[in-house]
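Since the model is a prediction, treat every value here as computed from it, not as a measurement. Chain letters run A, B, ... following the sequence lines, proteins first, then strands; residues in each count from 1.
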Amino acid sequence: MSRHLISIDDLDRAGIERILDLARSFAEVSGREIKKVPALKGRTIVNLFYEASTRTSSSFELAAKRLSADVVNIRSAGSSVDKGESLKDTVRTLSAYDPAAIVIRSPWAGAAQQITGWTDAAVVNAGDGKHEHPTQALLDVFTLTQALGGLEGLRIWIVGDVLHSRVARSNILAFQRMGATVTVCGPPTLIPRGIESLGCAAQDTLANLGEADVVYVLRLQQERMQEAYVPTLREYAQRYQVNRARLREGQIVMHPGPVNRGVELSGEVIDSDAALIDAQVKSGVAVRMAVLYELLVGAPVLQVVA
Amino acid sequence: MPDATVVLDRDDMRRTLVRIAHEIIEKNPPHESERGLAIVGVHRRGAILGRRLHGLLTELTGAEVPFGSVDISFYRDDLGLRDHGPGAPVVHSTQLDFPIDGRTIVIVDDVLYTGRTVRAAIDVLFDYGRPARVQLAVLADRGHRELPIRPDYVGKNLPTARDERVNVRVEEVDGDDEVTISALHAGSPV
């Protein structure tokens with residue numbers, strides 16, 4: 001594994017499997033009375049979030065704390081970013097604290113890659129614009145592996161707003177790397193042109209949804225839509241909502257959250273046994289512990305300045 | 001393995017474990033240890049030897065002695081100092097499915113050397129609860145302690161030089177039971 005985690009492409013299959021193995025051990029730590037191990041004692045981790053987040057920021061914070069690291073959380077609202085400080089100056093400033101890792105979430109594709117040049121810290125991409133969200137893909141692979149034993153030969157449909165989804169991009173890569181075949185499905189306006197070049201199939205109706213073993217539903221990202229991609233939410237739901245009538249027995253439903261209840265996913269499916277959504281959230285902490293451990297335990301604690 | 005001297009063969013290892021099992025019972029009479037005894041092996045070969053001891057103790061006492069295993073990877077004091085990558089040790093899961101509060105825990109490991117592994121294993125135990133007593137059983141004690149730790153049960157004392165390596169092979173992983181000493185080759189893991 002390289003020193004940073006920017007894209008799923010930084011990991012080969014063996015690298016993903018190593019993180020899954022570690023995550024299993026960390027899941028056990030999360031089941032103890034004292035949910036903490038001293039692995040990153042004395043190291044500092046900065047969480048730099050330029051975008052709203054509940055799950056990702058809280059699970060990265062918990063992951064770092066359960067590894068005994070010291071955590072600094074910076075949100076763009078209320079920080080010097082509000083006063084117009086540039087990304088570069090912010091990263092330079094925070095790097096003065098000599099953090100072992102910077103976890104960054106930003107609305108700009110490529111931001112995580114960009115800051116690797118401005119800091120000595122390991123950089124973890126916690127979502128950069130429409131580009132990638134690798135730890136989400138890893139926790140989804142982990143959740144599926146826990147539930148089904150593995151992904152080899154699985155048929156996975158990714159349904160909804162693929163165009164605006166960094167989760168879709170990371171998950172297509174990760175699912176395929178682990179041996180699954182992936183089909184993306186959504187209105188043509190929300191399927192990026194050329195998506196097949198990633199190796200997946202594309203569909204514009206849910207007619208063949210029955211062939212899927214796993215239905216991965218994406219959030220309709222209205223905050224990223226400046227134009228009309230769908231006529232109305234009601235019409236979108238009518239054609240693309242994953243609900244009980246469209247699912248068959250035995251299919252598994254996943255969603256990265258937060259869900260627009262009743263839009264891309266019906267309430268009854270969210271609350272049913274078919275949904276692994278709570279398991280996904282739970283996996284988040286263990287998988288992020290595994291990623292931080294994998295990135296940081298290899299790096300020297302003290303850097304000798306020549 | 002070239003240049004390896006066998007110090008314990010299959011039969012020696014079996015007899016040694018039986019002796020240690022008897023010593024454990026002698027030191028912890030079943031009616032005296034209030035909340036009972038439990039065996040905890042350190043991954044990986046310590047866990048295998050621990051499981052065997054657990055079997056022997058269950059046989060000898062006629063009562064089920066709880067068995068668990070700990071992985072000390074996240075508790076090492078040299079994290080970040082060692083080379084890391086595909087050759088790094090595999091991390092196993094800690095499994096302690098019984099309450100350890102008030103129990104007498106016997107930690108089992110294959111080789112006692114610097115004592116740092118045992119220190120880490122004790123830390124793991126204390127993250128699970130408060131044992132009444134912690135004892136240590138090892139198949140081989142090769143000396144060179146760096147911490148004030150001593151074993152309660154020793155299979156064999158093996159005076160060694162630092163540039164020698166003690167290899168414990170167990171049937172479950174390595175195909176046979178054997179303890180050997182060999183010269184440490186440059187570049188091989190410690």
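- Nearest heavy atom pair, residue Glu28(A) against residue Ser93(B), reads CB-OG, 4.5 Å.
- The number of heavy atoms from other shown groups lying within 6.0 Å of CG (Asp11(B)) is above 12.
- No more than 12 heavy atoms of other residues, nucleotides or ligands lie within 6.0 Å of CZ in Arg44(B), so this atom counts as exposed by the packing criterion.
- No more than 12 heavy atoms of other residues, nucleotides or ligands lie within 6.0 Å of NE2 in His22(B), so this atom counts as exposed by the packing criterion.
- In this structure, no portion of Lys35(A) lies under 4.5 Å from any heavy atom of chain B.
- At a threshold of 4.5 Å between non-hydrogen side-chain atoms, the residues Thr94(B) and Arg32(A) count as touching.
- Within 6.0 Å of the CD atom in Glu146(B), the count of heavy atoms belonging to other residues, nucleotides or ligands exceeds 12.
- Under a cut-off of 6.0 angstrom, the local environment of CG in Asp174(B) is crowded, with over 12 non-hydrogen atoms contributed by other residues, nucleotides or ligands.
- Rounding to the nearest 0.5 angstrom, the gap separating the CZ atom in Phe74(B) from the NZ atom in Lys36(A) is 15.0 Å.
- Residues Ile34(A) and Asp127(B) share a closest heavy-atom pair of CB-O, 3.4 Å.
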